[in-house]
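Below is one structure; the comments refer to it alone.
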Amino acid sequence: MASSPFIFSALLLCIFSLSSSSSLAKQSPRPNALVLPITKDKTTLQYTTVINSGTSRNEPGTPLVAASLVFDLGGRHLWVETDTYYWSTSFQTSHCNSPMCYRAGSHGCSRCYSDYRPGCNADPCTLTFKNPVNGMVDTGDIASEAVFIQSTNGSNPGRVVKIPSLIFSLGTRDLLNGLANGTVGMAGMGRHSVIGLPSQFAKAFGFNRKFAVCLPSSSSSGGRGVAFFGGNGPYVFLPGIKISQLTTTPLLVNPVLVADPIIYEPFVYGEKSPEYFIGVTAIKVAEKTVPINTSLLKINGTTGLGGTKLSTVNPYTVLETSIFKAVTSAFVREATARNITRVPSVKPFGACVSTKNVVVTRLGYAVPEIQLVLQSKDVVWRIFGANSMVSVHSDVICLGFVDGGVNAETSVVVGGLQLEDNLIEIDLAKNTLGFSSTLLGRQTNCANFNFTSTA
């Protein structure tokens, strides 16, 4: 049983009471920060992480169980599949109208008439949530579990620390469709102030509601990226590169949780989006402003449509159709001016070129640079070749931006490729995003965090 990937289902997210935090502090000094590894799945291009849960109720004394989860930057909370039942010594089910339900923002209560097990309780409270990969909506029981995560000093992992009761929700096996092989759910890192993982980690140990993410690239040769929670930096990567000075921009709150208006929205009416939006005001290619309808870059306060968000579940940046056409046309025009030859497109991309006249540099292919202009002309997210181009054949590369359609919910979704080897820091207390630009320019990358433990 201990080898089953679904063992994790008895695991995860409960709000931490002051008494549980105090008892944890008595066990050992509180850590200043936590660290999680991030791995890129080559088949799905999703990013995964691992969280350890408690030992089996039926096999006491067994080692901690590692559960693999898809890393969802904008996910509201953590959910796991429970068709394969697992009983941990620290698993706690919820009961309708209990404090746990209130804190989790329960959307209702349910009843299960089968034999009692995780996912089938007499009177649990529930959460309705959506898998952003396959679009499936589910309503699952709320529960809690003890989890174990490594601390860090920003340079190396330290001792393993315990979070006594992490709140999470349970889901059905169908929710796993489309997720990376071996994963048992999704780890939601969204801005929810209670059940988002960054908030739960912060409350458990009393540190700032701040976290940083550094996604590994496909070229990292199996190397792991990293996520830090708490702490004040700097973030240290081999060979001793300290990342501390970040460009900052305000995070924007989307007041509407955009979802299926029939199946999903009635359960979460009035809830704000847990995703991270930024205020892109213009897009440039090779320092030239791309002519687009800039109203699409603003969030509609009534519908929640439009704007720009960050995503780790979209492998490439997704653009509303008119923006996509304008950006790809501008890119091809600038590439042609550099004697770079356009070739037939390869799905799902719209602009592909021959590598014949393209030089490879430390920052990737030397192609026209793309810039996302933020709150002022001096605050720019620069996207170089390593984060803009995808190799599809030995002699063909394509611009890693895809068409999101004319009715895209979000006009610009900055995807995984564009985030790789960039350190981003989200400060939920200050409501800001800090970003490093590519670490390749600093002669390091996200796979260069030293996971050798000092504990």
Check your understanding: Can you tell which of Val184, Leu36, Thr183, Leu197 makes a side chain to side chain contact (heavy atoms under 4.5 Å, CB included) with Leu69?
Key -> Val184
**Study point:** Test item: Ile283 and Leu372 side chains (from C-beta on) under 4.5 Å apart, heavy atoms
**Key:** yes
Practice item. Over all heavy atoms of both residues, which pair between Ala282 and Leu297 is shortest? Give the atoms and the distance, please. Key: N-CD1, 3.9 Å
Check your understanding: Are Ile51 and Leu78 close enough, and set up right, to give a side chain to side chain contact (heavy atoms under 4.5 Å, CB included), and what steps lead you there?
Key -> CA-CA 11 Å; Ile51 298 179; Leu78 190 152; 4.1 Å; yes
Review point. Quick check: are there more than 12 heavy atoms from other residues, nucleotides or ligands sitting under 6.0 Å from CG of Asn181?
Key: no
Can you give each donor-acceptor pair under 3.5 Å made by side-chain atoms of residues 393-408, sequence neighbours left out, with the distance rounded to 0.1 Å?
residue, atom, partner, partner atom, Å
Asp403, OD1, Thr321, OG1, 2.7
Asp403, OD1, Gly405, N, 2.8

Review point. What's the shortest heavy-atom distance between Ile299 and Pro255, and which atoms?
Key: CG2-CD, 4.2 Å
Review point. Of the non-hydrogen atoms in Thr128 and Thr139, which two are nearest, and what is the gap between them?
Key: OG1-OG1, 2.9 Å
**Study point:** Where Gly416 and Leu215 come nearest, the two heavy atoms and their spacing
**Key:** O-CD1, 4.2 Å
Revision key, fill the gap. Distance col, row Leu251:CG vs Ile278:CD1, nearest 0.5 angstrom, shows 8.5 Å
Practice item. Output the distance between atom CG (Asn131) and atom CE (Met136), rounded to the nearest 0.5 Å. Key: 8.5 Å
Exercise for review: Please answer whether the main-chain N or O of Asn177 pairs with a side-chain N or O of Asp174 as donor and acceptor at a distance below 3.5 Å.
Suggested key: no
Exercise for review: Working to the nearest 0.5 Å, report the span between CG of Asn134 and CG of Leu175.
Suggested key: 6.5 Å
Point to revise | Nearest-0.5 Å distance, OG of residue Ser436 to CG of residue Leu246 | key: 6.5 Å
**Study point:** Smallest separation among heavy atoms of Ser151 and Val161, with atom names
**Key:** CB-CG1, 4.4 Å
Review point. Passes side chain to side chain contact (heavy atoms under 4.5 Å, CB included), Met189 versus Phe229? Steps please.
Key: CA-CA 11 Å; Met189 301 290 167; Phe229 301 86; 3.8 Å; yes
Which pairs of donor and acceptor atoms, one on a side chain in residues 234-245, lie under 3.5 Å apart (sequence neighbours left out)?
residue, atom, partner, partner atom, Å
Tyr235, OH, Glu425, OE2, 2.6

Check your understanding: Are Asp427 and Asn208 close enough, and set up right, to give a side chain to side chain contact (heavy atoms under 4.5 Å, CB included), and what steps lead you there?
Key -> CA-CA 8 Å; Asp427 192 323; Asn208 294 332; 5.9 Å; no
Check your understanding: So, do Glu420 and Tyr47 sit near enough that their side-chain heavy atoms are less than 4.5 Å apart?
Key -> yes
Revision key, fill the gap. Between Pro132 and Met186, the two heavy atoms sitting closest are CD-SD, 3.7 Å
**Study point:** Any donor-acceptor N/O pair, Gln418 side chain to Thr317 backbone, under 3.5 Å
**Key:** yes
Review point. Between the side chain of Asn387 and the main-chain N/O of Leu417, is any donor-acceptor distance below 3.5 Å?
Key: yes
Review point. Does a donor on one side chain sit under 3.5 Å from an acceptor on the other, for Ser53 and Glu145?
Key: no
**Study point:** Distance-only donor-acceptor check, side chains Ser199 and Arg209, under 3.5 Å
**Key:** yes
Exercise for review: Could you tell me whether Lys288 and Glu369 make a salt bridge, using a distance below 4.0 angstrom between a side-chain N and a carboxylate O?
Suggested key: no
Check your understanding: Roughly how far, to the nearest 0.5 Å, is the CZ atom of Phe451 from the CG atom of Asn156?
Key -> 10.0 Å
Practice item. Report the C-alpha separation of Leu127 and Trp79 in whole Å, then their side-chain angles, then the decisive distance to 0.1 Å, and conclude whether the side chain to side chain contact (heavy atoms under 4.5 Å, CB included) test is met. Key: CA-CA 10 Å; Leu127 281 174; Trp79 62 263; over 6 Å; no
Exercise for review: Hey, could you give me the CG/CD distance between Leu305 and Glu320, rounded to the nearest 0.5 Å?
Suggested key: 11.0 Å
Review point. Within 45° of the axis and under 6.0 Å from the centre of the six-membered ring of Phe129, does NZ or CZ of Arg76 qualify?
Key: no
Review point. Side chains of Ser295 and Asn293: is there a donor and an acceptor less than 3.5 Å apart?
Key: yes
Exercise for review: Could you list all the ring pair (Phe, Tyr, Trp, His ring centres under 6.0 Å) pairs where at least one residue sits in residues 281-337, not counting sequence neighbours?
Suggested key: Tyr316-Phe349
Point to revise | Between Asn450 and Thr452, a side-chain donor and acceptor under 3.5 Å | key: yes
